[in-house]
Chemist: 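Okay, here's the structure, questions in a sec.
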Amino acid sequence: MPSEQHTNIKVAVRVRPYNVRELEQKQRSIIKVMDRSALLFDPDEEDDEFFFQGAKQPYRDITKRMNRKLTMEFDRVFDIDNSNQDLFEECTAPLVDAVLNGYNCSVFVYGATGAGKTFTMLGSEAHPGLTYLTMQDLFDKIQAQNDVRKFDVGVSYLEVYNEHVMNLLTKSGPLKLREDNNGVVVSGLCLTPIYSAEELLKMLMLGNSHRTQHPTDANAESSRSHAIFQVHIRITERKTDTKRTVKLSMIDLAGSERAASTKGIGVRFKEGASINKSLLALGNCINKLADGLKHIPYRDSNLTRILKDSLGGNCRTLMVANVSMSSLTYEDTYNTLKYASRAKKIRTTLKQNVLKSKMPTEFYVKKIDEVVAENERLKERNKALEAKATQLERAGNSGFDPLELKPWYSKIDAVYAAARQLQEHVLGMRSKIKNINYRQTLKKELEEFRKLMCVDQRVCQEDFRRFANYMSTLTSQMEKYKEELPSWLSKMEIAYQDLESLKREVNKSKSYQILIVYVKYKDLELQLTKQNIFNNHVNAINQELVENLDLMRKSFRTACEVLNQTYDRLEDGQKLTPEIEAVFERLLRKMRFADSEANTKMAEMNPLMVPVALRSGKEEEEPTCSLTASAKKRQRQAAQSDDDLHLSMEDFDSQDTESDSEELHRTFKRPRNLNETQVLGPSSSSSSSSSARKALTATVTKPRNVQQRLVSDLISDQNVRGGNEKIKKALLKSNHFTAQGLQRTLAAASLAKENVKYNANYVRKSPRALMAKALAGTSTLTRKPLGSASKEPPLVKFNRAASFRLKK
Ligand SMILES: Nc1ncnc2c1ncn2[C@@H]1O[C@H](COP(=O)(O)OP(=O)(O)OP(=O)(O)O)[C@@H](O)[C@H]1O
């Protein structure tokens with residue numbers, strides 16, 4: 001279905017120069033062309049100085065001059081110096097293209113007699129008019145398209161004179177008008193085929209010679225009829241054999257002058273009246289069309305019937321309003337411009353003429369399918385281009401398209417989230433296994449210490465039974481975790497492989513520069529999660545240690561009380577020998593050392609670290625000679641077992657599968673030790689956390705040594721020889737000593753004491769005072785009375801050194 005377009009009639013005004021008569025009458029100019037589309041009708045005289053033969057004319061016709069000063073706008077205004085060629089190029093050349101594209105076109109010239117209508121439409125040999133120029137262009141274009149299209153051109157040249165329609169080419173008529181589906185048709189009109197513009201020129205001359213002309217006052221060769229030249233073109237597409245017919249009409253109207261200006265009488269008056277009647281009908285039609293009315297009285301005259309298509313039908317129409325600039329035609333010019341202004345408002349409906357063809361329907365079905373497919377393809381392409389344009393617009397400053405990056409971010413997030421979840425689970429399980437293991441070790445230590453202190457066998461057995469139950473519960477818990485761990489490890493392995501392949505994909509992507517930064521950020525996030533789990537683990541171990549040491553401290557306090565009482569009793573019973581005193585002295589010296597060491601460490605260490613009141617002295621001070629070989633072995637084994645509990649990050653995440661750890665390091669390209677991964681935290685934390693861990697490690701591994709030293713310090717050969725069989729038995733029962741080892745230890749302790757005695761700088765202090773200080777956990781010489789029933793006894797200042805020396 002051909003699409004419809006609505007368009008206004010194009011109106012151009014052409015101003016002709018003065019003719020001789022007007023010059024002789026020294027008429028002034030009533031038109032001033034302002035620019036290409038505007039003119040001023042009846043301007044002020046000052047604006048419109050009139051010169052004749054170089055002299056300004058003072059003439060003033062006050063009767064005709066009303067100084068309307070009307071500015072009027074048209075599609076185009078041609079001034080006196082514009083030629084027919086100018087009009088053709090700007091006004092009718094585009095119509096030729098429209099005709100060849102299947103649109104009907106129409107050009108008509110309107111104006112008073114002598115205004116230049118015939119000059120514009122037909123012209124002369126020297127100045128060919130629009131008809132000739134247009135037809136010449138048409139034939140040129142037909143020639144150019146001859147390969148793809150075939151054109152059959154036929155023309156008719158009619159005149160409407162006194163309401164009679166005559167064929168100017170055959171001088172026959174009058175012809176009748178009738179209307180059918182194609183519009184108004186002139187009955188009996190035969191088209192004359194032509195093949196060139198020159199042929200047409202001859203034909204026009206022939207037709208003009210048949211045209212009714214009579215001289216008038218206004219024009220010596222005044223055309224007294226309306227001349228209608230029509231070109232019918234049948235266009236045949238050579239490829240598809242489709243045909244369509246179009247029509248180009250060029251109408252030279254008779255003068256629209258008033259009877260007064262032509263001064264006609266008799267036949268001429270009747271002729272003039274007839275012209276006026278048809279032009280009046282034309283005027284009516286133009287008015288009603290301009291007002292947008294539905295009923296247009298085309299039938300009022302033959303002229304309007306013939307122009308029906310050009311005015312209100314399927315036609316692209318151009319109206320050229322010819323006017324003289326002379327004030328002699330003041331009223332006619334005014335009327336012409338008024339009509340032209342009205343005509344400008346008329347809208348016509350344009351429809352491409354339908355193709356007619358003998359081609360089979362299948363051909364068109366195929367064609368339509370092709371066109372529809374092409375249309376779809378173009379739509380898709382358009383969509384893609386639009387999307388690309390939006391994308392480029394969005395990319396703007398950053399150079400990366402957020403829409404393209406979004407799916408990447410989601411993918412990276414998902415893969416890292418899965419890896420993090422598995423990592424948390426696996427490391428959490430390892431932490432629990434280590435915690436249980438550590439708790440068991442501590443409980444065993446405590447149990448051994450408790451056994452040493454135990455006097456009532458029945459209570460001892462009951463305690464041991466509870467201890468054994470507890471230990472077996474812990475063992476089964478740990479076994480359960482150990483069983484589950486391998487399957488979780490393999491899952492984590494897969495998650496890390498996914499991470500690796502994701503990184504390869506990222507490297508190949510267009511936006512890898514920005515994505516790599518995001519992946520690195522995610523790596524750090526993963527490391528941070530690991531560090532957090534490790535921190536939690538260390539805290540849990542620390543908690544375990546603090547609880548255990550609290551128990552130890554209580555036990556130690558009780559042991560000290562017993563020793564204190566023993567010392568008192570020995571002293572009271574005059575059984576205090578220098579050897580026994582040496583043992584106490586030695587014990588207290590160690591406490592003193594531990595006290596100062598602990599204070600220093602406490603100052604350095606993290607507040608979370610356990611108090612080191614019970615920490616041993618330097619290794620050299622160990623009474624190694626007091627231990628038997630087997631005791632040393634046991635101690636070594638114990639130390640070995642403690643080492644398993646060392647809390648380094650590497651052990652933390654690599655204990656179970658070394659290869660797994662290697663793989664993780666390679667995958668993440670991360671430092672093997674998380675202490676080195678400090679990107680997100682302050683750089684100093686690395687060393688501090690390292691030292692804190694070392695301190696903690698030491699703290700965790702030393703309690704057994706403390707106990708051993710404590711036990712050995714309680715011993716002296718005097719104690720043993722002096723009949724303190726109960727202590728000796730207890731020590732042997734502790735499994736830390738063999739009988740022979742105990743003897744050696746005693747000998748070594750005795751020797752050490754002797755050495756101390758001969759130290760010139762040595763200031764003796766009461767062992768009880770030092771012990772009291774150790775128990776109170778302060779550096780001043782204050783003590784809580786030992787053996788007191790009260791838990792928090794009042795502090796008493798006590799100079800045990802002085803008292804000791806007095807006693808001695
Ligand atoms: N633009 C122009 N430049 C020069 N001469 C012109 C121009 N227009 C018209 N003329 C001359 O004016 C005279 C009258 O012109 P023309 O015959 O075209 O008028 P007309 O409007 O057709 O009159 P009628 O309606 O009586 O036929 C002619 O001699 C013509 O050569």
Side-chain angles (χ1 to χ4, degrees), residues 12-25 27 29 31 33 39 76-91 107-133 157 159-162 168 204-205 207-229 250-264 267-269 271-279 282 303 319-326 328-329 331-333 335-337 339-340:
V13 173
R14 186 179 194 187
V15 185
R16 81 153 164 76
Y18 293 104
N19 59 25
V20 179
R21 192 165 67 103
E22 287 159 350
L23 284 173
E24 280 170 357
Q25 292 189 12
Q27 295 292 312
S29 168
I31 298 224
V33 177
L39 59 82
R76 183 74 169 91
V77 177
F78 293 95
D79 211 344
I80 51 173
D81 49 357
N82 284 119
S83 65
N84 282 344
Q85 183 68 28
D86 295 339
L87 258 85
F88 157 73
E89 279 169 11
E90 289 193 47
C91 299
V107 183
F108 65 92
V109 287
Y110 182 88
T113 184
K117 299 183 294 294
T118 308
F119 182 84
T120 301
M121 196 55 103
L122 292 176
S124 60
E125 222 170 308
H127 306 283
L130 290 182
T131 310
Y132 175 77
L133 293 172
Y157 199 13
E159 79 166 348
V160 181
Y161 177 68
N162 280 346
L168 286 174
L204 283 177
M205 285 165 71
N208 279 342
S209 66
H210 294 148
R211 194 171 170 190
T212 311
Q213 285 180 333
H214 294 289
T216 61
D217 276 4
N219 186 2
E221 292 179 343
S222 179
S223 311
R224 309 311 296 157
S225 64
H226 309 295
I228 300 156
F229 174 76
M250 308 201 78
I251 303 142
D252 179 12
L253 294 174
S256 59
E257 69 281 349
R258 297 168 304 129
S261 63
T262 54
K263 296 191 179 130
V267 180
R268 294 287 86 78
F269 183 81
E271 191 180 76
S274 167
I275 292 169
N276 278 342
K277 185 191 164 198
S278 55
L279 288 175
L282 177 63
L303 174 70
M319 172 179 174
V320 181
N322 287 88
V323 289
S324 159
M325 64 190 293
S326 164
L328 206 61
T329 56
E331 284 302 322
D332 290 332
T333 301
N335 284 335
T336 303
L337 293 175
Y339 266 92

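All ligand and atom numbering here is 1-based and tracks the order in the structure. What's counted below: heavy atoms across the whole structure, side chains too, no hydrogens, waters or symmetry copies.
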Chemist: Considering both backbone and side-chain atoms of A254, is one of its nitrogen or oxygen atoms within less than 3.5 Å of a nitrogen or oxygen in ligand 1?
Modeler: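 In fact, backbone or side chain, A254 has no N or O that close.
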Chemist: Rounded to the nearest 0.5 Å, what's the gap from CE on M250 to CG on L122? Could you check?
Modeler: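 The CE atom of M250 sits 9.0 Å away from the CG atom of L122.
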Chemist: With nothing but distance in play, are any N or O atoms of K117 less than 3.5 Å from an N or O of ligand 1?
Modeler: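 Yes, at least one N or O pair falls under 3.5 Å.
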Chemist: In this structure, which one of L39, V33, I31 forms a side-chain contact (heavy atoms from CB on, under 4.5 Å) with V13?
Modeler: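 Result: among L39, V33, I31, L39 is the only option passing the side-chain contact (heavy atoms from CB on, under 4.5 Å) with V13.
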Chemist: Any heavy atom of A112 closer to ligand 1 than 4.0 angstrom?
Modeler: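 So A112 counts as touching ligand 1.
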Chemist: Are any of the N or O atoms of T118 closer than 3.5 Å to those of ligand 1?
Modeler: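 The answer is yes, given that T118 and ligand 1 share an N or O pair closer than 3.5 Å.
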Chemist: Mind checking whether P17 has an N or O less than 3.5 Å away from an N or O of ligand 1?
Modeler: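 N/O-N/O distance under 3.5 Å: no.
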Chemist: Can a non-hydrogen atom of G111 be found less than 4.0 Å from any atom of ligand 1?
Modeler: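 Heavy atoms of G111 never come under 4.0 Å of ligand 1.
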Chemist: Decide whether an N or O pair under 3.5 Å exists between G116 and ligand 1.
Modeler: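 N/O-N/O distance below 3.5 Å exists for this pair.
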Chemist: Pairs of nitrogen or oxygen atoms closer than 3.5 Å, one from A115 and one from ligand 1: do any exist?
Modeler: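 For ligand 1, there is an N or O atom that lies under 3.5 Å from one belonging to A115.
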Chemist: Between D252 and A227 (side chain of the first, backbone of the second, donor and acceptor by atom type, cut-off under 3.5 Å), is there such a pair?
Modeler: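 Side chain of D252 to backbone of A227, a donor-acceptor pair under 3.5 Å: no, none is there.
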Chemist: Strictly distance-based, threshold 3.5 Å: is any side-chain N or O of T131 a donor or acceptor partner for the main-chain N or O of M121?
Modeler: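 Confirmed, T131 side chain pairs with M121 backbone.
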Chemist: Any donor-acceptor pair under 3.5 Å linking the side chain of N84 with the backbone of F119?
Modeler: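 Judged by distance alone, yes, a pair lies under 3.5 Å.
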Chemist: I want to know if ligand 1 touches T120 in the polar sense, i.e. an N/O pair below 3.5 angstrom.
Modeler: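 Not met; the criterion fails.
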Chemist: Test your reading of the model: is there a side-chain donor-acceptor pair from Y132 to the backbone of H127, 3.5 Å cut-off?
Modeler: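 No; zero donor-acceptor contacts below 3.5 Å.
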Chemist: Can you tell me how far NZ of K117 sits from NE2 of H226, rounded to the nearest 0.5 angstrom?
Modeler: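 It comes to 10.0 Å.
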